Amino acid sequence: MNHLSFPRPQPSEIGERLRAEVREFIDGWHGNRHGAAAFSGFDPAFSEALGKRGWIGMGFPKRYGGGGYGLAERLVVLEELLAVRAPIFAHAVAERQSGPLLLRFGNEQQREEIVHRIAAGKCFFCIGLSEPDSGSDLASVRTRATKVDGGWRVNGAKIWTSSAHRTHYMILLCRTSPAGDVRQAGLSQFLVDMKTPGITCRPIVNIAGDHDFNEVHFQDVYLSDEALIGAEGQGWKQVTSELTFERSGPDRFMSHMGAVEEFVTALRQQPSAEGARTVGRLVAHLSTLRRMSRSIATMMTDEQDAALHAALLKDLGTCFEQEIPETLRLVLPTEPEPGAADGYSAALANVILHAPSCTIRGGTKEVLRGMVAKSLGLR
Ligand SMILES: Cc1cc2nc3c(=O)[nH]c(=O)nc-3n(C[C@H](O)[C@H](O)[C@H](O)COP(=O)(O)OP(=O)(O)OC[C@H]3O[C@@H](n4cnc5c(N)ncnc54)[C@H](O)[C@@H]3O)c2cc1C
């Protein structure tokens with residue numbers, strides 16, 4: 001039986017110095033905080049301002065526009081931005097997973113053309129994995145790229161594609177050869193310019209009334225040979241490494257910190273022992289998750305496979321953030337009201353509407369627990 005261990009995170013003195021700089025930058029920033037849910041505000045101007053400071057793609061090599069820092073420094077900046085609900089969603093996917101994927105598997109042209117624009121906060125990505133009838137079971141994707149002269153012809157559909165209507169590129173997973181005995185074989189990834197003829201985006205409005213998701217259709221979309229990322233047929237291996245980035249950061253446990261902050265402000269008006277206990281429990285839980293996230297960053301820096309550790313963190317982290325509205329309501333049972341003048345009431349409404357999605361996006365909790373169970377030899 002395997003034993004999961006989380007190595008001691010590498011401390012970062014540079015990161016702690018950066019923390020003060022980020023706080024100073026945020027103090028001088030007068031933009032809107034996005035309700036109570038971090039990680040959903042889409043503001044290209046804010047992304048560009050961060051890019052100018054060198055706070056996007058911090059771990060990318062300098063020759064591709066990155067800061068040449070380690071992942072530990074990146075986490076410090078991200079934590080500070082999430083803590084104040086800064087609108088980072090425009091560049092978040094590109095900096096978290098698309099840029100690192102291109103750096104690892106992309107060709108030189110893709111790196112030269114795209115990665116420095118990501119680091120500048122000017123190039124945004126969406127994720128083309130889920131399909132109608134194919135969400136958790138990615139090996140069953142049916143979008144197909146067929147080889148044609150000089151490139152590929154793509155037909156199919158993706159669903160739940162966050163920000164597809166306002167991003168520049170998608171990294172698309174599709175089938176390039178029929179599934180044989182090994183279902184995960186024959187999948188490939190492509191870099192897709194969202195303006196390519198034959199792509200249409202249909203909006204899906206979420207439970208909070210926002211347009212974030214889309215259904216994206218590909219009808220005879222032509223992609224050149226240069227659009228292939230990595231090697232043909234290696235899509236499964238590549239996507240697994242991409243998901244480790246997607247599942248291991250503080251965005252998987254800090255999305256609802258805005259509501260906690262409003263709760264603490266409200267609690268000051270009516271302090272109680274129960275309130276103090278609740279805050280203590282939340283902070284203890286948060287610091288454990290933070291330690292795990294930093295530990296995974298250390299593993300990734302050392303080029304160790306952290307897919308399983310990331311699955312565990314994502315499960316624990318998103319269950320933690322999903323429980324926040326209920327935890328808070330038991331102590332301060334204010335009526336949740338979207339857009340209310342009372343910050344706590346508005347924040348509560350916002351997180352109640354967003355909480356269900358935490359344990360679905362990026363892989364459902366059942367699927368993640370299946371991965372952990374398998375590693376322990378339990379299935
Ligand atoms: C806010 C949000 C943003 C998203 N953004 C994107 C995006 O940008 N790009 C993208 O590609 N996708 C995105 N998704 C889609 C998300 O990744 C999928 O919804 C998710 O992987 C589940 O797929 P599904 O909806 O098809 O559900 P299904 O896979 O049909 O699952 C339905 C239920 O069955 C359970 N289940 C399925 N398989 C198993 C199994 N093997 N063992 C046990 N239980 C199982 C699941 O846990 C779930 O409870 C997003 C989803 C959300 C909520």
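In listed order, ligands and their atoms are each counted from 1. Quantities reported herein were computed from a predicted structural model and do not represent experimental measurements.
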Is the shortest heavy-atom distance from the side chain of Asn214 to the side chain of Ile204 under 4.5 Å? no

**Study point:** Donor-acceptor pair between Glu242 and Gln189 side chains, under 3.5 angstrom
**Key:** yes

Restricting to heavy atoms, the pick from Gly362, Cys358, Pro132, Ser136 nearest atom 22 (C) of ligand 1 would be Ser136

Among non-hydrogen protein atoms, atom 23 (O) of ligand 1 lies closest to Gly135 CA, 3.2 Å

**OP:** Could you please spell out the steps behind the ring pair (Phe, Tyr, Trp, His ring centres under 6.0 Å) verdict for Phe320 and His285?
**Re:** CA-CA 8 Å; Phe320 164 74; His285 205 147; 4.7 Å; yes

Per-atom filter on ligand 1: closer than 4.0 angstrom to a heavy atom of Leu129 are 11 (O)

Exercise for review: For the pair Phe124 and His168, name the ring-plane relationship: parallel under 30°, tilted 30 to 60°, perpendicular over 60°.
Suggested key: tilted

Out of Leu173, Val367, Leu368, the nearest non-hydrogen contact to atom 45 (C) of ligand 1 is supplied by Val367

Quick note on ligand 1: atoms under 4.0 Å from a heavy atom of Ile360 include exactly 19 (O), 20 (C), 53 (C)

* May I ask whether atom 47 (O) of ligand 1 is less than 4.0 Å from at least one protein heavy atom? => yes

Honestly, for Ile127 the part within reach of ligand 1 (heavy atoms, under 4.0 Å) is both

Numbered in order shown, the ligand 1 atoms found under 4.0 Å of a heavy atom of Glu366 are 43 (C), 44 (N), 46 (C), 47 (O), 49 (O)

